[in-house]
Peer 1: 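One structure is given below, represented as structure tokens, and several questions about it will come after.
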Amino acid sequence: MLVQSSFVTLALVFCAAASPVAEGSGTIIPFQKRNGFVKEDGWFDHDRAVQQVVRDRNKHRNNLMNLERNEGSHAFNELTPIQGAHIRPVANYSAMYKAGNDKRQAESLTDEGGDQYWAGNIAIGTPGQTFLIDFDTGSADLWVPSVNCTSSYCSKKHKYNPASSSTEARKSGSFSIQYGDGSTVSGPVYTDSVSVAGVSVKNQYFSPVSTLSSMFGTQADDGILGMAFPAISNLRQSPFFNTAKTQGAVKTGVFGFKLAKSGSELYLGGTDSSQYSGSIEYHSVTGSGFWQIANAKLYIGTKTIESGIQTIIDSGTTIIYGPPSQVQAFYKNIPGSKLYDSANGFYSYPCNSAPSNVGFNWGGKTWTISASNFNFGQVSSTQCIGAIAGQDLGLGSNTWLLGDSFMKNVYSVFSFDKNSVGFATLR
Ligand SMILES: *[C@@H]1O[C@H](CO)[C@@H](O)[C@H](O)[C@H]1NC(C)=O
Ligand SMILES: *[C@@H]1O[C@H](CO)[C@@H](O)[C@H](O)[C@H]1NC(C)=O
């Protein structure tokens, strides 16, 4: 067992407590659920899905620009030893929305009104100001809206006010990410105390943003806490969890995710062994910026669809992305499937014969995606949209990005201590 038995006891106690707190040991942050793209009536929410594609394209564009600036362009070779990562132009939401727009007449108009992000609470400042946060293993900076954000996109957000914190400090420089609606998420740079379910750090770098892009205005979460490596930090500073390890607020540089319809949680400073059975299968991280593991195979049943692929585990998206040509080859193996929206890379397949045996393998167990996690909802009386989409995110022509449609099927472990990603069987 890789987990000390004391974690088991603590985990059970925390589950029962309203606000779980622990010192030095693992700490649980319960999440609100994410509905993904399936509306209440079972249909595919195409608009939200396109917004997500544009966000993901621009998020990873920004990550690559940060990586190049922080590490030099040789980091791109480590990212994709086989074929070139490259910084793509900004993905334009209105253009991609329009390109996929001819399909919309076929869709139901019910608004699911749900939240796409696995979100949990954090507190910034002294006394703590509370924010609902998307914990993102695919980026490395913390940002929340500030009192200076007066646009309508911030009207429903919690806003950080440094004047109400006795521990704030303004730093030099600025933070900015360009999104595909012509706007940026941008603001100054501050440090302050940050607390996540009892794990408290001092002098954490973050940005209280004064502009927010339209795509964030409709989300329930206020901001993002990045959990990837410092090499892709826009602020060029230690991300929250790394600061927590350095300051001794967590004992181990390990965190674990359980993403599910209910009981979703992030566990900081170890793994929550009440959530999984058996041992954790670890694989070494390659490259310097992402939770990336190499040499994966993609299966449908016993048939190998791809091998030797790179994979990045990204909790900040629902979608599983592959290079467009590999995704096309994947759907050729699902009878009755067809391209649905070429601009955004979505395919449909017959709802009544969903593949229940799509899986990724890194040399150990094959970790399969359940039929319900593969289904993004229906687009006609017979066809449903698959969770795997073809899109060039700039991460390389052999790189797949596995979002929560994959993560929901496993207990996933992110270890800075072992420089590894691990998977275990959910209980
Ligand atoms: C808000 O704007 C004022 C005026 O430009 C500036 O002095 C202050 O530092 C800003 N605060 C934040 C949190 O951005
Ligand atoms: C996005 O594309 C539309 C055309 O569909 C264009 O009018 C608009 O200027 C573009 N926006 C940006 C920010 O490039």
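In each ligand, atom 1 is the first atom listed, and ligand 1 is the first ligand listed.
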Peer 1: Report, in ascending order of atom number, the atoms of ligand 1 lying under 4.0 Å from any heavy atom of P162.
Peer 2: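 It comes down to these atoms of ligand 1: 13 (C).
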Peer 1: Could you tell me whether the side chain of W367 and the main chain of F406 form a donor-acceptor pair under 3.5 Å?
Peer 2: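 A pair under 3.5 Å: no.
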Peer 1: Tabulated below should be the N or O atoms of ligand 2 paired with protein N or O atoms at under 3.5 Å; can you produce that?
Peer 2:
from	atom 1	to	atom 2	distance (Å)
ligand 2	2 (O)	N92	OD1	3.4
ligand 2	2 (O)	N92	ND2	2.3
ligand 2	11 (N)	N92	ND2	2.9
ligand 2	14 (O)	N92	ND2	3.3

Peer 1: Once you round to the nearest 0.5 Å, how far does CZ of F257 lie from CD of E265?
Peer 2: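 Rounded to the nearest 0.5 Å, the CZ-CD separation comes to 10.5 Å.
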Peer 1: Would you confirm whether the ring centroid of F416 sits within less than 6.0 angstrom of the ring centroid of F229?
Peer 2: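 Close enough - the centres of the two rings lie under 6.0 Å apart.
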Peer 1: Check side chain to side chain contact (heavy atoms under 4.5 Å, CB included) between T167 and all other residues, then give those that pass, not counting sequence neighbours.
Peer 2: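 Applying side chain to side chain contact (heavy atoms under 4.5 Å, CB included) to T167 gives T126, S165, D192, S193.
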Peer 1: Just which atoms of ligand 1 are under 4.0 Å from any heavy atom in R170?
Peer 2: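 By the 4.0 Å cutoff, the relevant atoms are 9 (O).
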Peer 1: Quick one: pull up CG in N203 and OG1 in T243 and give me the separation to the nearest 0.5 Å.
Peer 2: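 If I round to the nearest 0.5 Å, the distance is 9.5 Å.
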Peer 1: Less than 6.0 angstrom separating the ring centers of F216 and Y179, yes or no?
Peer 2: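 That pair passes the under 6.0 Å test.
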Peer 1: Take the angle between the ring planes of F346 and H46 and call it parallel below 30°, perpendicular above 60°, tilted in between.
Peer 2: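 Perpendicular, since the angle between the ring planes exceeds 60°.
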Peer 1: Report yes if the distance between the aromatic ring centroids of Y347 and F330 is under 6.0 Å, otherwise no.
Peer 2: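 Aromatic pair excluded; centres sit 6.0 Å or further apart.
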Peer 1: If the cut-off is 4.0 Å to any non-hydrogen atom of P188, which atoms of ligand 1 fall inside it?
Peer 2: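 Selected atoms, number and element: 14 (O).
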Peer 1: Can you find an N/O atom of Y160 closer than 3.5 Å to an N/O atom of ligand 1?
Peer 2: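 In this structure, Y160 places no N or O atom under 3.5 Å from an N or O of ligand 1.
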